[in-house]
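First up is the structure itself, then whatever we jot down about it.
Everything numeric in this text was worked out from a predicted model, so none of it was measured. Residues take their numbers from the sequence shown, with the count starting at 1.
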Amino acid sequence: MLKRPLRDRRLRLLIALTVVLAAVSSVALASTKTALIKDNFFTPKTLTINKGSKVTWQWKGSLFHNVTVKSGPVRFHSRNQYRGSYSHTFLRRGTYRLYCSLHPYMKMTVVVR
């Protein structure tokens, strides 16, 4: 039978390793995805990501557009721009329906698992 101090040290080590592995696996699941905003459409139309992932939208057209949440767990809105980029990190699971408020027919869906 192990002496109590040795058993306690092994238990603390096992707990510490479990915490580290859990942290590493959640970081590995998060990623960065890129979406494009061209003149009058988003691409891709649908994006599925893991919680904690960041999406960066890049403007590639010549007209002003924005990224606006129409429905979803969290609301956000980019500024109106015709070049550059905008990023958002998704910390809550759910389905986000996005559109350009200047051109409401421009739509995109982000599904966060």
>> In this structure, would Y99 and Y86 fall into the same cluster of hydrophobic residues linked by side-chain contacts under 4.5 Å?
In response: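 No, because Y99 and Y86 fall into different hydrophobic clusters, even though each may have its own neighbours under 4.5 Å.
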
>> Do L63 and L98 land in one hydrophobic cluster if side-chain heavy atoms of ILVMFWY residues count as linked below 4.5 Å?
In response: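 No: no chain of side-chain contacts under 4.5 Å links L63 to L98.
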
>> Any heavy-atom pair between the side chains of V74 and L91 that's under 4.5 Å?
In response: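 No, side chains not in contact.
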
> Is there side-chain contact between W59 and L36, with at least one heavy-atom pair below 4.5 Å?
Replying inline: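 W59 does not reach L36 side chain to side chain.
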
Atom pair [atom1] ([X]) and [atom2] ([Y]), whose distance is rounded to the nearest 0.5 Å:
| X | Y | atom1 | atom2 | answer |
| --- | --- | --- | --- | --- |
| T34 | K54 | OG1 | NZ | 9.5 Å |
| Q58 | K38 | CD | NZ | 11.0 Å |
| K33 | N50 | NZ | CG | 8.5 Å |
| H65 | C100 | NE2 | SG | 6.0 Å |

What donor-acceptor contacts under 3.5 angstrom involve side-chain atoms of residues 105-113, with partners at least two apart or in another chain?
{"from": "Y105", "atom 1": "OH", "to": "N40", "atom 2": "OD1", "distance (Å)": "3.0"}
{"from": "T109", "atom 1": "OG1", "to": "R97", "atom 2": "NH1", "distance (Å)": "3.4"}

On a heavy-atom basis, which atom in [X] and which in [Y] lie closest, and how many Å separate them?
| X | Y | value |
| --- | --- | --- |
| G52 | A30 | O-CB, 3.6 Å |
| G94 | P73 | CA-CG, 3.9 Å |
| F42 | V67 | CE2-CG2, 4.1 Å |
| R75 | K70 | NH1-O, 2.9 Å |

> What residues, two or more places apart in sequence or in another chain, satisfy ring pair (Phe, Tyr, Trp, His ring centres under 6.0 Å) together with F90?
Replying inline: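 If we apply the ring pair (Phe, Tyr, Trp, His ring centres under 6.0 Å) test to F90, skipping adjacent residues, the hits are F76, H88, Y96.
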
>> Restricting to ring pair (Phe, Tyr, Trp, His ring centres under 6.0 Å), what partner residues turn up for F41, sequence neighbours left out?
In response: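 Ring pair (Phe, Tyr, Trp, His ring centres under 6.0 Å) list for F41, sorted by chain: empty.
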
> Heavy-atom count around Y82 OH within 6.0 Å, excluding the residue itself: above 12?
Replying inline: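 Open.
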
> Judged by modelled atom types alone, do S78 and N66 share a side-chain donor-acceptor pair under 3.5 Å?
Replying inline: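 Judged by distance alone, the side chains do not pair up.
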
> Are a donor atom and an acceptor atom from the side chains of S62 and D39 found within less than 3.5 Å of each other?
Replying inline: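 Their side chains do contain a donor-acceptor pair, which is all the 3.5 Å distance test asks for.
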
